[in-house]
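Everything below concerns the one structure shown next.
To find a chain, count down the sequence lines: A is the first, B the second, and so on, and within it residues start at 1.
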Amino acid sequence: MPLRLFNTSSRTKQEIDVSGEEVTIYACGITPYSPSHIGHARQAIAFDTLVRWLRFQGIRVRYVTNFTDISDTIIDASKKEGVDFLEVANRHISDYRISMNRLNVLDADAYPRVTESIEGIISMIETLVKKGHAYLAGDGVYFEIDTAPEKYGRLTGQTLEMVRSGAGGRVASTGAGKRDHRDFALWKIAKPGEPSWDSPFGRGRPGWHIECSAMVHEHFGHQVNIHGGGSDLMFPHHEAEIFQSECCFNVEPFARHWMHNGMINVDGEKMSKSLGNFWTVSDAIDAVGPMVLRYALVNAPYRQPIDFNQVLLDDAEKNHGRLIESIISAGGVSIARQWSDIESLKNAEDSLIRGMDDDLNTRVAIAEMQSVVKMLRQANSSQDHSVASACVGWLSAYAGDVLGLLPDEESLQRMVGQASERRDEIREKVESFIAMREEARSERNWAEADRIRDVISELGVVIEDGESGTIWRMKDL
RNA sequence: GCACGAGUGGCAGAGUAGCUAUGCAACGGACUGCAGAUCCGUGUACCCGGGUGCAAAUCCCGGCUCGUGCUCCA
């Protein structure tokens with residue numbers, strides 16, 4: 001049963017097309033002019049979730065996401081710093097890649113850059129001009145909306161008229177050479193001192209929208225299965241892409257499926273630099289750790305807006321902590337390869353699959369994960385190693401491979417192994433302390449018993465008195 | 001103004017017609033010297049008003065409120 005994914009274009013959930021050799025996915029990436037923020041992380045994780053889910057089911061995927069490494073904002077930043085624009089871009093790209101790796105976002109199959117795609121961009125613009133969809137003006141080349149009015153509003157439901165009357169004077173001021181304010185730039189003629197490339201239309205740089213059309217074409221040809229990005233890109237960016245690609249190559253639809261993730265607000269307000277409520281990814285990772293941040297971002301389904309606040313982080317920290325702790329507490333149990341003979345695990349698996357197939361409902365997936373964590377904690381408490389082993393296997397697959405909330409299995413093994421090694425190292429010591437404490441307890445010498453518990457605690461060990469005697473575990477890894 | 005979306009228990013957040021969502025938090029109890037883990041139990045949750053249905057959080061109509069987009073934005 002293939003994934004049903006919400007298609008912005010039809011506003012319904014639709015099965016994605018898996019009939020081809022591979023599913024092609026293109027996500028609009030970042031403009032690297034400043035450190036990455038948690039909104040970038042959410043977008044990357046949303047598409048990572050899609051890619052992981054398809055691959056987990058054995059579907060071949062080719063995933064490409066780009067860097068817009070030339071833009072007005074990058075030029076501004078480079079002027080401010082007095083460095084080359086590429087230095088600004090490279091620095092923030094590297095920052096982004098590092099952060100995304102820490103967040104367990106799998107590498108894309110390619111990361112095209114605008115500055116390395118100029119040729120394809122120019123060639124598309126030439127075609128559009130030749131076909132009469134674009135015109136040269138004094139300050140650049142523009143796409144003429146009126147040449148394909150029926151394509152307006154494919155994603156946002158707006159019509160030409162609505163945009164003409166709406167938005168007041170805000171749109172009228174941009175793009176001096178436009179014939180109509182709804183036209184958009186394909187090529188911008190450079191001002192003195194700006195980075196620029198030769199083209200038949202004069203030295204300049206690409207407009208924002210054309211680059212993605214060109215890069216999609218370069219990597220996937222005329223059509224792509226799934227295309228998307230943040231929901232703020234629907235208009236005008238993605239609608240502009242539809243104009244460009246469909247008019248240039250005579251295909252329709254250019255993207256079979258449009259996927260858009262929801263935005264992040266901070267303490268109930270839109271996250272923005274002017275409000276001073278901006279969270280960079282590295283700040284957020286420093287605050288709670290990468291896996292807790294990822295948990296917080298997949299706890300809500302990808303299309304829902306997220307309000308980023310302290311309560312959200314506390315909740316994520318607590319719940320993710322329970323996940324990790326349950327696995328560590330399982331000690332050195334082997335990771336089971338299959339678990340379908342345990343009914344509750346099978347049910348949890350079925351429900352998770354149903355949830356993920358229904359528009360990547362990670363919230364349902366996490367609910368099932370939480371019930372397995374609970375089961376594992378019970379198994380740990382009752383020392384039921386075979387159930388514990390099955391639970392750890394389940395979690396490794398679904399919390400790990402699918403949701404990306406755990407290190408990969410090898411690291412997980414290592415983590416569990418290290419915990420058990422350290423356990424072995426101090427076993428003798430701890431057990432003798434426990435024996436001492438047991439003696440004190442039998443004499444009802446509670447002060448001494450508590451003192452010994454404090455000593456044990458300093459070894460990084462938590463003890464719990466239970467029916468079957470006192471069990472102990474490492475506080476953390 | 002126009003477009004799109006959303007309003008579920010203390011919080012986060014599933015659920016498209018009838019069966020306990022889940023987790024955290026809270027409260028009561030069991031077990032405990034204490035602590036912790038675990039177990040059992042508790043909370044009359046579905047923005048408002050109509051309508052359709054044997055039955056509605058779930059469908060329809062109307063209203064209210066909120067968010068986002070219409071300008072660079074993940």
Whole-Å gap separating [atom2] ([N]) and [atom1] ([X]):
X: A/R303; N: B/rC4; atom1: CZ; atom2: C1'; result: 12 Å
X: A/M263; N: B/rC70; atom1: CE; atom2: P; result: 11 Å
X: A/D69; N: B/rC72; atom1: CG; atom2: P; result: 19 Å
X: A/M375; N: B/rU22; atom1: CE; atom2: P; result: 13 Å

Just checking [X]: base, sugar-phosphate only, or nothing, at a heavy-atom cut-off of under 4.0 Å?
X: A/Q304; result: sugar-phosphate
X: A/G39; result: base
X: A/G29; result: sugar-phosphate
X: A/P301; result: sugar-phosphate
X: A/R11; result: sugar-phosphate
X: A/I264; result: base
X: A/I471; result: nothing
X: A/R453; result: base
X: A/R363; result: base

**OP:** For A/M234 and for A/G229, locate the closest nucleotide of RNA chain B by heavy-atom distance; then report the residue assigned to the nucleotide nearer the 5' terminus.
**Re:** A/M234
Original post:
If you pin A/V462 and A/N299 to their nearest nucleotides in RNA chain B, which one's is more 5'?
Top reply: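 Nearest nucleotide further toward 5': that of A/N299.
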Original post:
In terms of ring plane angle, is the pair A/H260 and A/W258 parallel, tilted or perpendicular, where the classes change at 30° and 60°?
Top reply: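 Answer is parallel, since the angle falls under 30°.
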Original post:
How are the rings of A/F243 and A/F143 set relative to one another: parallel (under 30°), tilted (30 to 60°) or perpendicular (over 60°)?
Top reply: tilted
Between [M] and [N], how far apart are the [atom1] atoms? Round to whole Å, please.
N: B/rG63; M: B/rC2; atom1: P; answer: 12 Å
N: B/rC47; M: B/rG9; atom1: C1'; answer: 14 Å
N: B/rA45; M: B/rU22; atom1: C1'; answer: 15 Å
N: B/rA55; M: B/rG50; atom1: P; answer: 16 Å
N: B/rC59; M: B/rG1; atom1: P; answer: 26 Å
N: B/rG18; M: B/rC46; atom1: C1'; answer: 16 Å
N: B/rU32; M: B/rA37; atom1: C1'; answer: 11 Å
N: B/rA14; M: B/rG23; atom1: P; answer: 16 Å

Could you tell me the Watson-Crick or G-U partner of [N], where both distances fall under 3.5 Å? Say none if there is no partner.
N: B/rU32; answer: none
N: B/rC59; answer: B/rG51
N: B/rA21; answer: none
N: B/rA14; answer: none
N: B/rA37; answer: none
N: B/rC66; answer: B/rG5

**OP:** Quickly, which of A/I226, A/I45, A/V61 forms a side chain to side chain contact (heavy atoms under 4.5 Å, CB included) with A/L50? Name it, please.
**Re:**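 That would be A/I226.
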I'd like to know if [X] reaches the base of [N] with its side chain, counting only an N/O donor and acceptor under 3.5 Å.
X: A/D465; N: B/rC34; value: yes
X: A/D450; N: B/rG33; value: yes
X: A/H37; N: B/rA74; value: yes
X: A/R437; N: B/rG33; value: yes

Subject >> Output field: ring centroids A/F67/A/Y111 closer than 6.0 Å >> reply: yes
**OP:** Measure centre to centre between the rings of A/H238 and A/H227, then say whether the value is under 6.0 Å.
**Re:**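 That pair passes the under 6.0 Å test.
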Original post:
Going through the checks in order, is the ring pair (Phe, Tyr, Trp, His ring centres under 6.0 Å) test met by A/W279 and A/H37?
Top reply: CA-CA 6 Å; A/W279 278 82; A/H37 60 249; over 10 Å; no
Of the listed nucleotides ([options]), which one gets closest to any side-chain atom of [X]?
X: A/R322; options: B/rA14, B/rC24, B/rA21; result: B/rC24
X: A/E464; options: B/rG23, B/rG36, B/rA74; result: B/rG36
X: A/A449; options: B/rG33, B/rU68, B/rA21; result: B/rG33
X: A/T31; options: B/rU38, B/rG67, B/rA74; result: B/rA74
X: A/L233; options: B/rA14, B/rA74, B/rG67; result: B/rA74
X: A/F235; options: B/rA21, B/rA74, B/rC70; result: B/rC70
X: A/R441; options: B/rG33, B/rC11, B/rA37; result: B/rG33
X: A/L312; options: B/rU68, B/rA12, B/rU38; result: B/rA12

Subject >> CD (A/E431) with more than 12 external heavy atoms under 6.0 Å >> reply: yes
Subject >> Presence of A/K270 side-chain N/O under 4.0 Å of B/rG69 phosphate oxygens OP1/OP2 >> reply: yes
Subject >> Short side-chain N/O contact to B/rC11 OP1/OP2 from A/N309, under 4.0 Å >> reply: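 Indeed not, no polar side-chain atom of A/N309 lies that close.
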Original post:
Considering residues at least two apart in sequence or located in another chain, which fulfil the side-chain contact (heavy atoms from CB on, under 4.5 Å) criterion with A/I471?
Top reply: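 Applying side-chain contact (heavy atoms from CB on, under 4.5 Å) to A/I471 gives A/Q383, A/E464.
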Original post:
For B/rG53, is chi within 90° of 0 (syn) or not (anti)?
Top reply: syn
Original post:
Can you find a side-chain donor-acceptor pair between A/S99 and A/S36 that sits under 3.5 Å?
Top reply: no
